[in-house]
Amino acid sequence: MSDAPYHPPVKRSIQIERHKTSISLEPLFWDMLKDAAAREGAAINALVARIDAERIRSETPPGLASAIRVWLVTNSA
């Protein structure tokens, strides 16, 4: 994990189904996302695509970065 838990969001490019998008997450969440993808044996892009699909199906879809944070917190090991 990152040394400093309080850090501004870092923007990275992600590809979801051949569509590039940028996501801003704090380094702590990027670390958690990387760990979750490794645990599931998936690429980060694939895990984000799955979270995105779940997010879109929800009754009141949040933004993608928010959905990733919520998913990580509710699915942390």
Side-chain angles (χ1 to χ4, degrees):
M1 273 206 206
S2 300
D3 293 333
Y6 301 109
H7 190 282
V10 174
K11 186 178 281 194
R12 295 192 181 157
S13 292
I14 295 284
Q15 188 165 334
I16 301 171
E17 308 223 355
R18 291 178 257 139
H19 172 74
K20 283 193 176 185
T21 189
S22 293
I23 302 170
S24 292
L25 295 171
E26 294 76 10
L28 173 69
F29 287 108
W30 283 117
D31 291 343
M32 291 174 71
L33 187 61
K34 179 180 154 196
D35 293 345
R39 269 194 318 275
E40 297 200 8
I44 290 174
N45 287 352
L47 180 55
V48 170
R50 196 173 89 214
I51 295 168
D52 187 45
E54 291 174 14
R55 166 188 83 91
I56 290 168
R57 287 192 306 268
S58 76
E59 190 172 313
T60 54
L64 181 54
S66 294
I68 291 169
R69 289 184 191 96
V70 169
W71 188 93
L72 289 168
V73 170
T74 58
N75 291 282
S76 62

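Quantities reported herein were computed from a predicted structural model and do not represent experimental measurements.
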Exercise. Where is the tightest heavy-atom contact between Pro27 and Pro8, given as atom of each residue plus distance?
Worked result: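 Looking at all heavy atoms of both residues, the closest pair is CD-O, 3.6 Å.
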
Problem set entry | Which atom of Ala65 lies closest to which atom of Leu25, heavy atoms considered | O-CD2, 3.8 Å

Roughly how far, to the nearest 0.5 Å, is [atom2] of [Y] from [atom1] of [X]?
X     : Y     : atom1 : atom2 : result
Leu47 : Asn75 : CG    : CG    : 8.5 Å
Ile68 : Phe29 : CD1   : CZ    : 10.5 Å
Ile14 : Ile23 : CD1   : CD1   : 4.5 Å

Problem set entry | Residue pairs, two or more places apart or on separate chains, that pass side chain to side chain donor-acceptor pair (under 3.5 Å) and touch residues 10-30 |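 Matches after skipping sequence neighbours: Glu26-Arg69.
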
For this session: Please list all pairs passing the side chain to side chain donor-acceptor pair (under 3.5 Å) test where one or both residues lie in residues 56-68, with sequence neighbours left out.
Result: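 Pairs touching residues 56-68 that pass the test: none.
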
Problem set entry | Side chain proximity check, Leu64 to Ile16, heavy atoms < 4.5 angstrom |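 They are in side-chain contact.
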
For this session: Output all residues satisfying side-chain contact (heavy atoms from CB on, under 4.5 Å) with Ala38, sequence neighbours left out; order by chain, then residue number.
Result: none

Exercise. Under a 4.5 Å side-chain heavy-atom rule over Ile, Leu, Val, Met, Phe, Trp and Tyr, are Ile56 and Leu72 clustered together?
Worked result: no

Exercise. Out of curiosity, does Met32 fall in the hydrophobic cluster containing Val10 (side-chain heavy atoms, cut-off under 4.5 Å, transitive links)?
Worked result: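 As far as the 4.5 Å side-chain criterion goes, Met32 and Val10 are connected within one cluster.
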
Problem set entry | Pairs flagged by salt bridge (charged side-chain N to carboxylate O under 4.0 Å, His left out) wherever residues 41-53 is involved - sequence neighbours left out |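 Counting only pairs at least two positions apart or across chains, the salt bridge (charged side-chain N to carboxylate O under 4.0 Å, His left out) contacts touching residues 41-53 are Glu40-Arg50, Arg50-Glu54, Asp52-Arg55.
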
